[in-house]
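Taking it in order: structure first as C-alpha cells, then the write-up.
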Amino acid sequence: MSLLTVESLRKSFGTLGAVNGVTFQVQPGEIYGLLGPNGAGKTTTISMISGLLKPDAGTVKIGGTAFWADPQRARRQMGVVPQELALYEELSGKENLEFWGRLAGLGPREAKARAAELLESLELSDRANDPVKTYSGGMKRRINLGCALLHRPQLLLLDEPTVGIDPQARMNILEFIQKLRAAGTAILYTTHYLEEAESLCQRIGIIDGGRILAEGTLSQLQERLGGDRLFVIDADFTNTVPENWGAFLQRFRIIQKSERQIIAAAIGTRDPSECLKDLLELPVRVENVSLKRPSLNDVFLQLTGRNLRE
Amino acid sequence: MRNIFTIGHNDLRLFLKRKSAFVWLFLIPLAFVYFMGFANRGGNDPSNRKPEVLIENLDTNFLGRVFMDELSAQNMSLLDPTNRGTASRIIRIPADFSAKILQHQQSKVEFLKRNGSDEANAAIIQLRLFRALIAMNGHILEVSTGSDSNGPLTEAALRGVMATPNPVKLKASFAGRQPVPSGFNFSLPGNLVMYVMMNLLIFGGTTLASERNNGVIKRMLSSPVRRMEIVLGKIYGLLLLGLVQITFFLLVGKFLFHVNLGANLPGVLIILMAFAWVAASLGVLVGSLLAAADRVSGICVLASLLLASLGGCWWPLELASPALRSVALFTPTGWALKALHQLISFGSGFEVVLVPLAVLLSFGAAATWLAARYFRS
C-alpha cells in the first residue's frame, strides 16, 4: 500500500491556480522526486500534504487514511523538512533537535537519546553544543533535516533540502537520504536540480504550472523522447525552417531549436547510423552532429518548450 | 498541555539567551525606578508605613512584655539590639516598669533620638508611642476598675482585656481624594507595569515575527501540535519572562529601595501576573499582525510608552485631569496600577482590588482570543 497518496489536489490563491489537479503516490522505501522550476507548485503541494494549507479540492491520504480525518495522527507519521532553515540559531544543534523531538511527541529522555543518535548519524557530534548560528550552511542543512527525523517518521517530505550549499555538503545530505530510503522511509523530494532528481529518485514527477506533466522512472521519462539518445545538430538555421526539409518531421521530433542548434529525437526505433545519414542530407550546411543521452531537462524542454533552469 | 509547556520553556530559554534581555529586563528598569523615585519623592508617605524602632526592655516582669505587644499592635516594627543601625528611634522600658505600676506609681518610658535617622519615621513612631501608652493605661484602668478589681493586676487579666474587641472603633480616611503615592512607592509599581508591558510586547512581537519569517512557526504547525497550543505556549513563555521581571522588581524594591510592599504580597503577585497575561497576549497579537520584526519593535515601544503614560506609570493619576483619569480606565496599565497602589501604598486588602483584577482578566481573555484569532504562519 502507498504511504502517501495524493489525488487531484487543487489550490488557488485568488485567480492564480497554484496547483491544478496533482496526483501521485509514494511507496515505502521509495524516493519520489517532484521536479520543477521555481513557482511550479512544489512547495504548495508539500504544504497541502503536511496540512499547512487546506486544498480547495482533492485528497491527501497518509497510510491509507485521509489527512484531515485525523491531522494529528497524520503529522505523527510524517516528518517535514522545509526549504527555509527553520531553526533556532541561538540554540545549539542538540537543543534544537531535543526541542523538535519534544514537539514530535517524544519524552525528555527519549528526545535526548534520539538527538545524540542523530547528531552522530549527521556527523555533527563534535559541534553538538555550539550555537547553530556558528555552523556552516551545510551543517545547518543537516540539522534542519535532523529536526524532522526525531520521531522516526514513516514518510519524509523534503522541500528542496540542499538549496544554497556546496557540492560536498549536498553529497553528504543525499547519502544520508539514501540511507533513510534503504531503511524503508517513503520520501517525497522536491527539487529543481536535475542531477539530484536523476541520481536520487526512483520515480520522478515533472511539475510545471501546478500540473504533473509526466511521471515515471528516469528511463521511462527518457523513453518519451524516443529512447536513450538525442541528436544535437549544429548549423546555421537562420533562413530555413524544418517544415521545408522533406520528411524530416516525420522521422524526427524537435526538442529544441535555435538559430545555431537543433536538438532532435528519432521517432520510432531506428538505427543511429540511418538517422545520421538523414541528418547529413538536410538542406543546410551541417557543422557538427553529436549524440547525447536525454536528460530530465530535455524531457522538461519537450514538455514545456522551456529549459528547467530558465 | 505538554506542548504548551515545551514551547513556553523553550521561549524563555531563548529570551534569556539574548544579551539585550538583561539590559531591558534589569538594567534600564532599575535606573528608571531610581531616577523616577528620586524625582517623585515627596511628603506624602504611605499610610501603612511600618517604621523600625529599637526596643530596650529592661523590665523582666510581665508589664514590659505586654507593653511591647501594645507597641507592636500600633504597627511598628520592633527591632532587637543587634539591628540597632536601622532603627529611627529607641524606646527604653525601665527595669522597674512593672514594679512601679503594680505599686500604683508613675513609670517613665524613655524615647531616645538617633542622630541621622529618618525624621518622618521618627514622627510616626512618636505618635504611635503615644497611642500605645494611652492604650496601655486604658487597659490597666479597665482591669483595675472592672468586676474583679479587688484582685491584683495580672498578665492574664490584662491580656484578657486586650483581646476584647474595642466597643468604639475609629476609622480614619483621607477627606476628599486619595493620598498620592510618592517616591519609590510610586516609581516601583509604575516602572514595573511599564516595563512588563514593554518587554512582553517587544519580546513577544519580535520573536513571533522572526519565527514566522524563518519558517519555525510553519514547522511547528506541521508537527503534531495544535494551533491553539502554539498560541498558548507563546503566551506562557512570555508569562514566564514577565515573572522573571516581576520577581526582580519586587526583590530590588524590597531590598534595594526599601519599598514596603504592603501586607498582601500574594495579592500584588496575582495582580501582576494577570497584567502580565494581558501584555503577553498583546505581544503574540502584535507578532501575528505585523510582519517585519524591526517594525514590531518600534510599534511596541511606542504602544507601551503610550499605555504607560495614559495608565499613570509616569505621574500619579491622582494629580491628572478627570479626563485623563477616565482614559486610564480603558487601559490595562491604569487598572494594574490602581490595584498595585491600593495594595502597596494604601495598605488595602485584596477585596479592594477584586474589580481591577476582574477587569485585567477580561482584558487578558479578550487579548488571548484576538491573538488566537489572528495567529498566522
- Message: Just verifying a value: how many Å separate A:Leu91 CG and A:Asn129 CG, rounded to the nearest 0.5 Å?
- Response: 11.5 Å

- Task: Determine the option with the most heavy-atom pairs under 4.5 angstrom with chain B, choosing from A:Gly51, A:Ala86, A:Cys147.
- Result: A:Ala86

- Quick one: what part of A:Leu85 sits under 4.5 Å from any heavy atom of chain B, side chain, backbone, both or neither? backbone

- Given a strict heavy-atom distance threshold of 4.5 Å, which part of B:Glu211 is in contact with chain A: side chain, backbone, both, or neither? side chain

- Task: Could you walk me through whether B:Phe5 and B:Tyr236 pass ring pair (Phe, Tyr, Trp, His ring centres under 6.0 Å), step by step?
- Result: CA-CA 7 Å; B:Phe5 290 141; B:Tyr236 171 62; 5.2 Å; yes

- Looking only at heavy atoms, the pair that brings B:Ala367 and B:Ser281 closest together is CB-CB, 3.5 Å

- Query: Of all of A:Val81, A:Leu106, A:Leu157, which one pairs up most often with chain B through heavy atoms under 4.5 Å apart?
  - Reply: A:Leu106

- Hey, does the Lys NZ or Arg CZ of A:Arg170 hover above the aromatic six-ring of A:Tyr193, less than 6.0 Å from the centre and inside 45° of the axis? yes

- Mind ranking B:Lys17, B:Arg18, B:Glu229 by heavy-atom pairs under 4.5 Å with chain A and telling me who comes out on top? B:Lys17

- Item | Side chain / backbone / both / neither for A:Ala148 at chain B, heavy atoms under 4.5 Å | both

- Task: Could you pull out the closest heavy-atom pair between B:Leu201 and B:Gly283, with the gap in Å?
- Result: CD2-N, 3.6 Å

- Query: Considering only heavy atoms, which portion of B:Ile217 lies under 4.5 Å from any heavy atom of chain A: side chain, backbone, both, or neither?
  - Reply: neither

- Message: Show the nearest heavy-atom pair for residues A:Arg141 and A:Ile165, with the distance to one decimal.
- Response: CG-CG2, 3.5 Å

- For B:Leu221, is it the side chain, the backbone, both or neither that has a heavy atom under 4.5 Å from a heavy atom of chain A? both

- Message: To the nearest 0.5 Å, what is the distance between CG on A:Leu53 and CG on A:Leu9?
- Response: 10.0 Å

- Examine whether an atom of B:Lys218 lies under 4.5 Å from a heavy atom of chain A, and if so say whether it belongs to the side chain, the backbone or both; otherwise answer neither. both

- Item | Most chain B-contacting option - heavy-atom pairs closer than 4.5 Å, from A:Gln83, A:His151, A:Glu89, A:Arg102 | A:Arg102

- Query: Charged N to carboxylate O under 4.0 angstrom, A:Arg10 versus A:Asp56?
  - Reply: no

- Atom group of A:Asn144 that falls short of 4.5 Å from chain B, counting heavy atoms: both

- Query: Top residue by heavy-atom pair count (under 4.5 Å) with chain A, among B:Gly215, B:Ser210, B:Pro224?
  - Reply: B:Pro224

